[in-house]
2 protein chains.
Amino acid sequence: MRIDKSEDAGNGGGEAPKKERGHVHGHVLRYMRRGLMVGAFLPGQVMSLRKLAAGFGTSPMPVREVLSRLVAANALEETKGGSVRVPRLSPEKLSDLFAVREMLEGMATELAAKKATPALISELAAINKQLLVAIEKRDILNCLSSNQKFHFTLYEAAASDVLMPLIESLWLQFGPTMYMSLLIPSMPWNASDHEDILAALNEGNASAAKKGIVHDIRTTCKALLSVAGSQGIELPFAQGADLQFDY
Amino acid sequence: MRIDKSEDAGNGGGEAPKKERGHVHGHVLRYMRRGLMVGAFLPGQVMSLRKLAAGFGTSPMPVREVLSRLVAANALEETKGGSVRVPRLSPEKLSDLFAVREMLEGMATELAAKKATPALISELAAINKQLLVAIEKRDILNCLSSNQKFHFTLYEAAASDVLMPLIESLWLQFGPTMYMSLLIPSMPWNASDHEDILAALNEGNASAAKKGIVHDIRTTCKALLSVAGSQGIELPFAQGADLQFDY
DNA sequence: GATCTCATATTGTGATCAATAAATGATCTT
DNA sequence: AAGATCATTTATTGATCACAATATGAGATC
């Protein structure tokens with residue numbers, strides 16, 4: 001069969017729009033997921049199929065599928081009109097979210113600690129060093145990124161393909177709010193719990209590692225709630241409708 | 001087979017293609033979710049967009065979106081070719097699944113117990129009565145259905161819109177396997193833990209209620225694993241490719 | 001000046017189409 | 001006769017089209 005795909009190369013004045021089939025939505029999904037965790041999208045922002053498709057250089061169809069999946073993962077919510085937007089979290093929901101995080105990520109940490117290898121620990125230490133640098137420079141993007149990397153490489157070591165998707169769903173949910181909060185000057189940035197966790201992993205003390213993660217999560221939650229209480233979660237943000245694809 | 005979502009009847013000799021816009025996929029999604037929990041789909045079964053669309057009397061498009069969401073919720077998995085199928089659970093994954101169930105549903109039960117009203121308790125008691133009847137009659141369908149109803153009305157009382165979706169995701173995952181296992185004669189059917197939970201709720205004893213749920217889940221897990229061990233999870237089933245929409 | 005109404009534009013939804021890729025079956029060769 | 005190759009069929013995927021509902025804005029009315 002194989003009908004000679006041909007005319008991309010030799011075609012001099014190629015008018016062909018270069019069809020390029022094959023699984024675009026995987027790309028888009030990864031991009032959006034990362035974007036949600038790292039602050040490319042803001043709470044309350046509505047996602048437009050056509051705008052996003054234009055941004056990704058594709059048709060609305062793959063984007064529709066991706067948004068659909070993110071809605072299913074509770075990372076996005078749909079309005080009565082069928083549009084999807086980034087949810088705006090109430091302090092209560094944020095609190096619930098972090099309570100569940102403590103359980104799930106605590107469990108993952110415990111499992112991971114029991115399987116921890118020296119290679120894993122040194123990898124985590126390296127990531128934490130990057131995090132410290134990002135904190136030093138007040139670099140929100142790299143701070144979120146390396147913090148996420150630290151947690152997820154740790155949980156990945158638990159090798160539980162049932163815990164992992166649940167944890168990811170939670171991170172997708174609080175991601176945008178987390179980014180918003182880091183914009184506030186009074187928000188404390190620290191990674192002291194990570195040091196404790198590394199120490200616990202070195203000692204092979206699983207329950208101490210778990211305690212460390214739980215403390216880390218609880219501290220973050222308190223910080224988030226305090227800035228939410230002082231300034232209100234709903235900050236006025238100007239860039240509302242526009243996207244930032246350059247990260 | 002024809003699902004007949006609404007006014008097919010009134011249309012006399014309707015030649016009109018019956019455009020019927022407006023959110024078909026909600027129907028399909030609810031139907032599929034229930035179907036997964038109640039045994040309409042079997043582990044290993046591959047879902048055909050066209051077949052399903054024909055069954056629902058719609059085009060492949062809304063079905064595609066629904067399947068996409070179910071994949072995102074880990075209720076279905078996609079093959080390398082892009083098809084989606086009902087996952088076949090390994091004993092290890094089943095065990096992991098139920099370990100997480102214990103945590104999440106235990107937490108939900110504890111919260112629910114603290115908010116339990118007499119109305120809720122009597123509702124749960126009524127549902128449990130239906131369950132007992134179903135067990136008596138060895139009616140798999142109503143057994144699964146009322147068991148699911150018992151658990152979910154209990155968890156619903158926790159009023160946590162972060163726990164609920166996670167729990168639903170878990171149920172969607174083990175649903176098909178659960179149905180398979182109930183087909184095995186040696187599988188024990190009982191609802192004794194539910195009685196204990198009702199008693200705990202009546203006493204306002206939250207931790208006892210939690211213990212009851214955890215015990216219920218653990219018992220179910222052991223039963224599932226034992227039949228998996230004796231007969232293997234992968235039973236040969238004939239109806240593989242066909243669907244049963246009539247439940 | 002505020003509110004209600006209507007027209008416009010933008011959005012999502014569902015259907016159809018073209019094209020790729022996988023699965024299936026048949027034919028040919030060894 | 002058994003295995004491999006190739007063609008046919010069927011599957012999903014991405015693009016485009018038509019329609020409906022919603023949101024937005026301007027204009028008129030009270």
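Here the structure is a predicted model, which is why all the values come from computation and not from measurement. Within every chain, numbering begins at 1; the chains are lettered A, B, ... in the order of the sequence lines, protein sequences first and strands thereafter. Computed over heavy atoms, backbone and side chain alike; hydrogens, waters and symmetry mates excluded.
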Show the distances under 3.5 angstrom between N or O atoms of the protein and N or O atoms of nucleotides 7-11 of chain C.
unit_1, atom_1, unit_2, atom_2, d
C:dT11, OP1, A:K51, NZ, 3.0

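- For A:T58, the side chain to side chain contact (heavy atoms under 4.5 Å, CB included) partners at least two apart in sequence or on another chain are A:V24, A:F56, A:P62, A:V63.
- The phosphate of D:dT13 has neither OP1 nor OP2 within less than 4.0 Å of any side-chain N or O from A:H25.
- Between the C1' atom of D:dT13 and the NE2 atom of A:H27 lies a distance of 16 Å, rounded to the nearest Å.
- We find that CE of A:M61 is positioned 13 Å from P of C:dT16, with the value rounded to whole Å.
- Among D:dT16, C:dT13, C:dA15, the nucleotide with an atom closest to any side-chain atom of A:P60 is D:dT16.
- A search for side chain to side chain contact (heavy atoms under 4.5 Å, CB included) contacts involving B:L49 returns B:P60, B:R64, B:L67, not counting sequence neighbours.
- Under 3.5 Å, the side chain of B:R64 and the base of C:dG14 form no donor-acceptor pair of N or O atoms.
- Formation of a donor-acceptor pair under 3.5 Å by the A:S145 side chain with backbone atoms of A:L141 is not found in this model.
- Closest-nucleotide positions on DNA chain C for A:G82 and B:T79 were compared, and the one nearer the 5' end corresponds to A:G82.
- Taking the side chain to side chain contact (heavy atoms under 4.5 Å, CB included) definition, one finds that A:A108 meets it with A:Y155, A:A158, A:L163, A:I167, sequence neighbours left out.
- Between B:F56 atom CZ and C:dA15 atom C1' the separation is 18 Å, expressed in whole Å.
- What separates NZ of B:K80 from P of D:dT12 is a distance of 14 Å, to the nearest Å.
- Taking atom CG on A:L67 and atom P on C:dT13, their separation rounds to 10 Å, with Å as the unit.
- Positionally, the nearest nucleotide of DNA chain D for A:G57 lies more toward the 5' end than for the other of A:G81 and A:G57.
- More than 12 heavy atoms of other residues, nucleotides or ligands shown are found within 6.0 angstrom of NZ on B:K115.
- Pairs passing the ring-ring contact (aromatic ring centres under 6.0 Å, His included) check and including a residue from residues 58-86 of chain A, sequence neighbours excluded, do not occur.
- The side chain to side chain contact (heavy atoms under 4.5 Å, CB included) check on B:E77 picks up B:R85, B:P87, with sequence neighbours excluded.
- Among the nucleotides D:dA15, C:dT13, C:dA15, the one closest to the side chain of B:P62 is C:dA15.
- Spacing between atom CD of B:E78 and atom P of C:dA21 amounts to 17 Å, rounded to whole angstrom units.
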